[in-house]
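Numbers here are sequence positions counted from 1. We count ligands from 1, going down the list as the structure has it; atoms in each ligand are counted the same way.
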Amino acid sequence: MDALPLSAAIAKLQQHKDQQRWSLRDLFASSADRAQDFSAEAAGIYLDYSKNLLSAETRQLLLGYTDTAHLQERIQALFSGATINNTEHRPALHTALRFQGAPGTEHEQAVADCRVQMEKFVAQVHSGHWTGFSGKRIRHVVNIGIGGSDLGPRMVCEALRPWHKEGLTVHFVANIDGADLSDTLASLPADETLFIVASKSFSTLETRQNALSARQWVLNAGCAESDLEKHFVAVSSNLVAAQDFGIAAQNIFPMWDWVGGRYSLWSAIGLPIALACGFDAYSDLLKGAHAMDTHFAEAAFAQNLPVLMALIHFWYRQCWGAGSLAVLPYAQRLAKFPAWLQQLDMESLGKSVTRDAQPLPYPSGSVIWGAEGSNGQHSFHQLLHQGTDMIPADFVAIKQPTSELVEQHQWLLSCCLSQSQALLKGKSLAEARKELEASGHTHKEVHQLAPHKVVPGNRPSNTLIVEKLDPFHLGSLLALYEHKVFTFGCLLDINPFDQWGVELGKVLGNGVHAAIDGEIPEDWDGSTAHLLKLLLK
Ligand SMILES: O=P(O)(O)OC[C@H]1O[C@](O)(CO)[C@@H](O)[C@@H]1O
């Protein structure tokens, strides 16, 4: 697609933005039902987007932009399995991973078969029929994987802690830093530990090295080579490499090239979830995601949660110069949600050319960052409130208490709502002065202190209310963000399913490693050569 119509449409949006003075206080004052008007709901998730710097006219213009970007056709292409990952010549069919009912396509049939294999395996481990080399049942599972083969299952397992099965603990190791693996293994009994080597490609440096070390650790503990299959299973689309590594064919769970790594937690990459929380919980996660898929595919764009969220983020990125988005889940168990979203969003949208390889004439994706509330309030929220940049934020609140400490949940929700309220309202100089005068400060003190107490306000946010932090609603929340990111990619006319930029670092990493025992090539930059010499001294 020619990027020019998109650039022209963005210029129109920019004009609309530049022509008026935007005040959240005024927008609320001029419309009594703004909160209702600027909200939508689907699959157990309520989106309030009223605290955004946009009017009904802005919304119309943004919705109009979806035609220019051919969004409807793109969504159809996604669901129908068209080759939308055009640089790798593949479909992106993560939605097929969470199909419900009877399998209707070849892809769904493969998924159904894999689910049967997973369910059988989980039952064997839970029942104690799967034993380690000493005949004892498995009590620890260590997932070795990185990126999409780690972040999703790790985050979900932490989010669903109340579903964890007794007697089985799931651990995650990702980093090439040996401390990750050795700290994890330090307290584990090798004969009761099972490893999942999770790697779509089965060629990822970190995963291969960690898996090799884990293999040695099991052997050192007295396991015979012939018993290794009791301790290693794999999830991969590269069956040959997994078998070459020494994983028995029957212990390999399939993955397919039509599933991107960052969209893979719904596949057998989700095995740690099924082991930690049970297969029913894993199935409910898929159901929640499927409910959001249906909403995304069928709802009118004006009511469509992923589309609305993508349009709003796009508006700030293109017309307001917002370089980052803060994601603030008010739930301790969602502490890893921002890290999962970082890969999903930044690996997908960090591109500089359009689908047709033309230089992108407008900004691409932005920085995604954040942490769990209320902790973030006591660290980086200061910058959100008084820093010079406007940083839009997504607040995620969970309606039902996540623990028996119900009163604390009420405080948690109060913290969440009051933060977005403070971002909206701010505090004017006059308000700051009045406050200081009322507390007995001298005229001089008021004059000096008041500017420090001014909070600009007028800072936008979305609030998502998730009914409950359970498998179904978590599935729905994650699929919402997946589709938001896909939509953003369509609005930019980029391919959100490849990640060529990551490859360069991998290739250079091999070169640096080779230089440790060999010669430093002459064409290296001076800094890298000097640093390596210092490190090797
Ligand atoms: O599952 P694999 O093939 O080991 O890849 C791990 C991760 O590495 C990446 O390719 C890039 O670092 C991610 O996209 C992927 O999720």
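- Within 4.0 Å of ligand 1, heavy atoms belong to protein residues Ile146, Gly147, Gly148, Ser149, Ser199, Lys200, Ser201, Thr204, Gly261, Gln343, Glu347, Gln499, Val502, Lys506.
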Q: Go through Asp493 and Arg74 one step at a time and tell me if the salt bridge (Lys or Arg N to Asp or Glu O under 4.0 Å) criterion holds.
A: CA-CA 10 Å; Asp493 189 32; Arg74 290 275 160 86; 3.5 Å; yes
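- The number of heavy-atom neighbours closer than 6.0 Å to CD of Glu519, taken from other residues, nucleotides and ligands shown, is 12 or below.
- For the pairing with Arg262, the side-chain hydrogen bond (donor to acceptor under 3.5 Å, both in side chains) check across Gln499, Glu482, Gln342, His94 returns one residue only, Gln499.
- For Gln250, the CD atom is densely surrounded, since the number of other residues' heavy atoms within 6.0 Å is greater than 12.
- A cation-pi arrangement is present between Arg115 and Phe99 under the rule of less than 6.0 angstrom and at most 45 degrees off the ring axis.
- The closest side-chain donor-acceptor pair between Asp293 and His290, if any, does not fall under 3.5 angstrom.
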